[in-house]
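Notes follow the structure.
Hydrogens, waters and symmetry mates play no part in the numbers below; they use all other heavy atoms, side chains included. In this chain, numbering begins with 1 at the start of the sequence shown.
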Amino acid sequence: MGGASRLVGPVLRRRSPGLLGAALALVLGCSGGATPAPAARPAPVVKTPSVRPRAPEGPPLLPAHVIAALEDEDATPYLARRGDEALLLYAAGGTWRTRVLGADGAPRGDAIEAGPVPADVPVAALRAAPKGYLAAWIEQLEGGRAVRVLALDPAGKPLAPASLVAQTAEEISWLDVLPNAKGALVVWEVPREDRVDVVVSAVAQGSGPAIKPTTPASVAREVLGWNAVATERGAAVALVLPRPGPAAKGERAPATKAAAEDALDAAKLGAVSILEIDAAGKVSAPAVVSPEPTARTDLEIVAAGGRYLLTWTDERDIDSAVYLAAVEPGGKVVVAPRPATPPSGEQALVSLVAPSAEGGGRALLAWEDMLRARGGAEGRGAGRLIHLAAVGPDGALGAERAGLVFSASGPPDLAADGDGFAAVTLAPAALEAAGGEAAAPPIWPTFVRFGPDLSVRAAEPVRAAPFAATEGVPYLVRGLSCHAGACWTLASAAAGAAPRQGEAAGAGAPLALVSLPVRDSAWRAPAFREDREPPPRATALRALVEGDHIARVAAADLGGGALLAAWVTYFVEGASDAPRGQDLSATLAVRAASASGLGKLNVVSQRASSLGGVAIAAAPPAPAAPGRQGGAAQAESVLAWVARERGETQVFVTKLDAAGAKVAQKRLTTAPRKKRGGVPSEASDVAIAHDGAGGYIVAWIDTRDGNAEVYAARVDRTLNRTVPDRRITSAPLDASEVQIAVRGQETWLVWSDARPAGDAAGAGDPGGESAGDIYLARLDTKTLQKLGDEARLHASPEHSRSPVLAPSEGGLVVGWVEEPAGEGASTGGGARIARLDDKGALVGPPVALAGPEGAAVSSVALACGEVCRGVLASAPGDAVSLSAFTLAPGGGAASPPKPLVGLTGAASQDVSPVFAGRSGGSLFFADDAASGSGRVRWMTIAWP
């Protein structure tokens, strides 16, 4: 049997959407794990939101049988299946009561009184056993706790009074029963501040009715987390062990609050081990599965194909990832720990479901990507998107992937269903025929049955006649189980909602067993096959660095699959914590990336200017030096950036090798930076391009002459200037955000300029100031002399900013952001894409692009070949998302933006997306991690 997900786990820590008041309660599971405080960690319970819109009409209700009446609507019933039958255990009238259910879910006879129930039972468990069933529970005693176990025959009758297994003055926070061929093991958990002890007692059922528990024995002491799975021989227990030993004597305390928080987080991570317990309760020595102390406490273990599969969320890399390992009985690791999926940003384990007896040994792995499109993908409505994949005994995931929408925190209820799987989730309930109705659909418990290939076989809201008072929708749904093609779930009503036709005696909350059949349905399924999702889509996502917030990102394609990414961090002048005497500003760094992995992180400078930005240009490989082994050409690139030294900014150029290491560096400008009227002269917004003849052309914004103007210079391969600083623009108002592209004998610059409307050259009346438009200048590549007048690309009443350039067949493509200008403008805005011919003239009007759901666009990235591919950054909610679009040659409109990822940073963050190369296959961008630190991420994209 599979373990239950943790109450305090990665999903709950990172996100709790609670859509329309929906919450996930946890009640009972097949195995345990650790929490920092005493708390039950039961199996998932789906609770219907109290606020429900009007129900859709038409589809029939599901088959159901009322099987009991609960005195408390929040009371926990327990159900265990044994072959074609099942047994219900619940408390009523001060006694435990049992009731046998047939293969069709209907009760077989009346309820049986099975013995007194204590006034306070925080946790209980019911499992099928060789001679019938075993129930165990924790009793609250004055000054302590007790564990008792009760044996029941197949008809639910007690074989003997409940037996005392253990009594202690200590807290007991969790308990479970793990059946085996000879009896069962009862395991429980004793909390120790932020750690727990695990204790076991073997329960043997001999020839007589009496139960004979063994003396409790320690399984593990002061572990961070644990989980267990029953086997024919006893049980296997997976452990998360803390870092060995106390802090070294004399070890220095963390210097900062952030360092102290990191140390605290690290203390919650541990190494993974496994041990076995035989049927007599003898505990084996633990075997190491993952020695690195990087595992969270959400550890899961199941038995599959004669092996144990272990999975957990691991933090050994920058992004947390779901790891898998396989272990043979006896403790031999046969599949070393490894990421379960390709990199996809931060991940969190949701659950691992054991295979059924007829399932062919395939378990089900469920996880969540923190940086992926939410449940709104495929039109399934709001909610988290839980990913599903079958996993074999070798730890390899199947090619088929499914997505499941879940509109609550915690995990959905999942179970093996023959050679497929089943789920009960909480999701928007809508009819397929309703299409894109304006009214928000109700959020209801909904079941989904998946085939062996994870295709959706059936899906309907859990609605049944016993809950007619609430439109057929129950108050709580729990206890999903499947056997021989029949799936059930327990469902209960709120107190006072009496069952129809008096099907259950007594007052209270009706409890029904609802069948979940495979049948045609008019309901829209909250699940879909993800591997059939058409491109564009993100295929991999990983972090290059974690640290300070990121101000600007740049990237270049060196050829042969080699990429370089560069970035500059965000730094507020005057807010430095640098030691006295050190002049530190923003950090400029570079890292190589390829399909084989990430290269070394190279810090170029810690005196960079955030406003200066960073740009990178790649050159064709230079011939190898004479005598160099192999004689291969060497790829190189040059960075343009701005350094701040002694309070002044100057433009620098740095040559890099293919690994991103600094080869040479020179200062490009030596402009005097005297204050004019109290405002210092600044250089900012650098751009760079290879000139096609062995050198580079650099452009930037400079205020040395008063207002901000565009400047350019040219350097050779050795970084010596061949054309010194040249002022390109001369306008009465400020220019910003220059971009550059070289087309043979011509170099083209585009930038945003607030010069007077109707004055391209800047000689007009300053009284006609515009909100800012995009301008183009053509230069002679060799001399940087202007070729004709500057041209406004598009006159707009909005503020046009953040231009990007992409070379294309026969010209260039320019993209930029337009945001509302003027008093009171705070929302709206989109992007425009303009095509230019080889003379710089517009080819047709610019194409307007809107963000998904009408959200304002904050930035755009472009890569153009035969087709232009782009990514928009927008904030349709309270965070930034990236969406992909395409624009065909001569097309009058772009494709509708399709969501790629939803980021964790705030909606106001500038993520600075940029493509490396013309294919659009690699995108680099900034993102704030869930912890609040800044990250640079690399995403690969599959395009149509």
Side-chain angles (χ1 to χ4, degrees), residues 3-9 26 28-42 121-125 136-141 143-149 164-178 184-203 213-230 234-246 267-278 280-289 293 295-301 310 312 331:
S5 288
R6 299 295 175 268
L7 181 63
V8 181
L26 299 179
L28 182 66
C30 298
S31 54
T35 61
R41 294 176 311 283
V121 176
V123 180
W137 61 87
I138 301 171
E139 290 185 9
Q140 297 270 21
L141 300 178
R145 296 285 193 276
V147 174
R148 295 190 186 274
V149 64
L164 179 66
V165 176
Q167 185 170 340
T168 176
E170 298 179 307
E171 180 71 45
I172 300 177
S173 57
W174 174 248
L175 165 145
D176 201 1
V177 175
L178 305 177
L185 298 172
V186 181
V187 291
W188 61 91
E189 174 182 293
V190 178
R192 307 286 186 193
E193 294 184 356
D194 59 346
R195 300 181 185 183
V196 296
D197 293 348
V198 185
V199 184
V200 65
S201 174
V203 177
T214 62
T215 302
S218 173
V219 175
R221 295 184 182 276
E222 295 194 349
V223 298
L224 297 175
W226 65 283
N227 211 315
V229 60
V237 182
L239 305 168
V240 180
L241 304 178
R243 298 168 185 263
K268 299 176 183 178
L269 304 175
V272 177
S273 293
I274 188 173
L275 57 81
E276 293 177 299
I277 310 173
D278 66 16
K282 182 179 179 180
V283 180
S284 72
V288 175
V289 177
R296 292 187 195 161
T297 58
D298 57 357
L299 178 66
E300 300 270 6
I301 180 173
L310 289 81
W312 63 91

Main-chain N/O of V190 paired with D197 side-chain donor or acceptor, under 3.5 Å |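 Checked: no pair found.
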Testing L239, L310, V272, V289 for side chain to side chain contact (heavy atoms under 4.5 Å, CB included) with I301, which one passes?
-> L310
If you take all heavy atoms of [X] and [Y], which pair is closest and at what distance?
{"X": "D176", "Y": "A125", "value": "OD1-CB, 3.8 Å"}
{"X": "V199", "Y": "P216", "value": "CG1-CB, 3.7 Å"}
{"X": "V237", "Y": "A228", "value": "CG2-CB, 4.1 Å"}
{"X": "V200", "Y": "G281", "value": "CG1-O, 4.1 Å"}
{"X": "L141", "Y": "A146", "value": "CD1-CB, 3.5 Å"}
{"X": "P293", "Y": "L269", "value": "O-CB, 3.5 Å"}

Does E222 have any salt bridge (charged side-chain N to carboxylate O under 4.0 Å, His left out) partners at least two apart in sequence or in another chain, and if so, which?
->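 Listed in chain order: nothing, the list is empty.
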Which residues pass the ring pair (Phe, Tyr, Trp, His ring centres under 6.0 Å) test with W188, sequence neighbours left out?
->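 Expected list: none.
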Roughly how far, to the nearest 0.5 Å, is the CG atom of L185 from the OG atom of S201?
->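 Output value for this atom pair is 8.5 Å.
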Gap between atom CD1 of I138 and atom OG of S173 - 0.5 Å precision | 7.0 Å
Using a strict 4.0 Å threshold on nitrogen-to-oxygen distance, state whether R145 and E171 make a salt bridge.
-> yes
Is the shortest heavy-atom distance from the side chain of S284 to the side chain of L275 under 4.5 Å?
->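 The answer is yes; the side chains approach within 4.5 Å.
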Taking side chain to side chain contact (heavy atoms under 4.5 Å, CB included) as the test, write out the residues that go with [X], two or more places apart.
{"X": "P242", "result": "R195, L224"}
{"X": "V198", "result": "V219, V223, W226"}
{"X": "A271", "result": "none"}

Would you please name every residue forming a side chain to side chain donor-acceptor pair (under 3.5 Å) with R221, sequence neighbours left out?
->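 Scan of R221 (side chain to side chain donor-acceptor pair (under 3.5 Å), adjacent residues dropped) gives none.
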Can you name the side chain to side chain donor-acceptor pair (under 3.5 Å) partners of E139, sequence neighbours left out?
->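 Side chain to side chain donor-acceptor pair (under 3.5 Å) check on E139 returns W137, R148.
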